[in-house]
Amino acid sequence: MLKKNLEEALNQQIKNELYSAYLYQAMAAQCESMNLKGFAHWLTVQAKEEVEHARRLYDFINDRGGRVILEAIDKPPVEFGGVNEMFQKVLEHEQKVTSMINQLYQLAQQENDYPSQICLQWFINEQVEEEKSAAEIIGMLNYVGDKGQGLIMLDRELGKREG
Ligand code: FEO
C-alpha cells in the first residue's frame, strides 16, 4: 500500500508530466505558426511521450491501491522566442523535471518503498535521454543558427521522428 505522502507526491508528478505535455504542445503550436513543420512534429511527439509518462504514474498509483487525483494544469507560455531559445527552454525544463524525479526517488527511499523506487528508476533513465535529446538539438542549432537553409534541413530531420 502506498503511503499518503508518496501518493500525493506521485499525483503532483502526474500533473508535472501533463504540464510538460502542455508546454511542448504550446511550443509545437508556435513552430506551426512559423511554418517549421518538422520542429512542430518533434515537439508533438514529445508532448505525447509526456502524456505516456503521466499515464505510467497513473497506472502505478492504481496498482498500489492508491487514489489518483488530477490537479489543475497551469497555462503554458504562448511565445518562446526563436527555436534556439525554445530548445534552451526545453533543456531547462527537462533539468527541472530531473530534479523533481530525484526528489521523488529520495522520498521513496526514506519511506522504504521499494516498488516506487523501481518505478522511478525508469524515470531516472528516461531523464538521461530527455536531457540528451534536447542538448543534441541545441548542439545542431548552434551550428545552423535559427534561420536559413541549415534550419530548413534540421526541420526536415526532426520531422522524421517516429511516434
Ligand atoms: Fe516526462 Fe520530459 O519528462
Side-chain angles (χ1 to χ4, degrees), residues 2 5-32 36-64 66-109 113 115-142 154-155 157-163:
L2 207 48
N5 57 348
L6 204 41
E7 180 189 277
E8 277 167 20
L10 290 167
N11 270 315
Q12 282 298 318
Q13 193 56 28
I14 290 180
K15 182 198 73 176
N16 296 335
E17 299 291 343
L18 291 174
Y19 177 75
S20 301
Y22 233 40
L23 179 70
Y24 297 143
Q25 201 64 62
M27 290 178 175
Q30 187 192 323
C31 290
E32 293 279 359
L36 291 169
K37 301 282 182 197
F39 279 92
H41 170 79
W42 192 95
L43 286 158
T44 298
V45 173
Q46 191 60 31
K48 283 187 200 155
E49 272 197 9
E50 299 299 352
V51 175
E52 280 167 27
H53 295 171
R55 183 75 207 191
R56 189 176 272 263
L57 294 169
Y58 177 102
D59 287 342
F60 180 74
I61 293 173
N62 285 323
D63 289 348
R64 298 287 309 285
R67 175 71 165 94
V68 169
I69 294 168
L70 298 178
E71 304 286 349
I73 304 166
D74 290 341
K75 181 181 177 179
V78 177
E79 296 292 336
F80 301 91
V83 278
N84 244 315
E85 200 181 331
M86 185 184 285
F87 274 82
Q88 204 59 51
K89 287 173 182 165
V90 171
L91 180 60
E92 281 163 20
H93 182 72
E94 287 303 332
Q95 287 165 339
K96 210 160 77 185
V97 174
T98 298
S99 74
M100 290 168 179
I101 297 291
N102 290 346
Q103 278 174 24
L104 266 172
Y105 191 79
Q106 278 169 12
L107 183 61
Q109 279 182 321
D113 188 319
S116 291
Q117 288 172 39
I118 290 167
C119 170
L120 290 164
Q121 276 163 13
W122 183 90
F123 283 88
I124 291 169
N125 284 328
E126 179 67 7
Q127 284 311 117
V128 174
E129 286 305 309
E130 297 277 72
E131 288 190 31
K132 184 179 135 204
S133 46
E136 277 173 2
I137 294 172
I138 291 168
M140 288 187 276
L141 280 166
N142 285 342
L154 184 53
D155 187 62
E157 200 51 39
L158 295 183
K160 292 179 193 158
R161 182 177 181 182
E162 285 177 21

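When reading the values below, keep in mind they use all heavy atoms of this one structure, side chains included, and skip hydrogens, waters and symmetry mates. Each ligand, and each atom within it, is numbered from 1 in the order the structure gives.
When ring centroids are compared, Phe39 and Phe87 come within the 6.0 Å threshold.
A salt bridge links Lys89 with Glu85: the distance from a Lys NZ or Arg NE/NH1/NH2 to an Asp or Glu carboxylate oxygen falls below 4.0 Å.
Looking only at N/O/S atoms, His53 comes nearest to atom 1 (Fe) of ligand 1 through ND1. When the N, O or S atoms of Glu17 are ranked by distance to atom 1 (Fe) of ligand 1, OE1 comes first. Nearest N, O or S atom of Glu94 to atom 2 (Fe) of ligand 1: atom OE2. For Glu50, the N, O or S atom with the smallest separation from atom 2 (Fe) of ligand 1 is OE2. Residue-level check: among N/O/S atoms of Glu130, OE2 sits closest to atom 2 (Fe) of ligand 1.
Metal site remark for atom 2 (Fe) of ligand 1: Glu49 contributes no N, O or S atom at a distance under 2.8 Å.
Using modelled atom types, one finds a donor on one side chain and an acceptor on the other under 3.5 Å when comparing Glu17 with Gln13. Inspection of the Tyr19 and Glu50 side chains reveals no N or O donor paired with an N or O acceptor under 3.5 Å.
Between Val78 and Gln30, every side-chain heavy-atom pair lies at or beyond the 4.5 Å cut-off.
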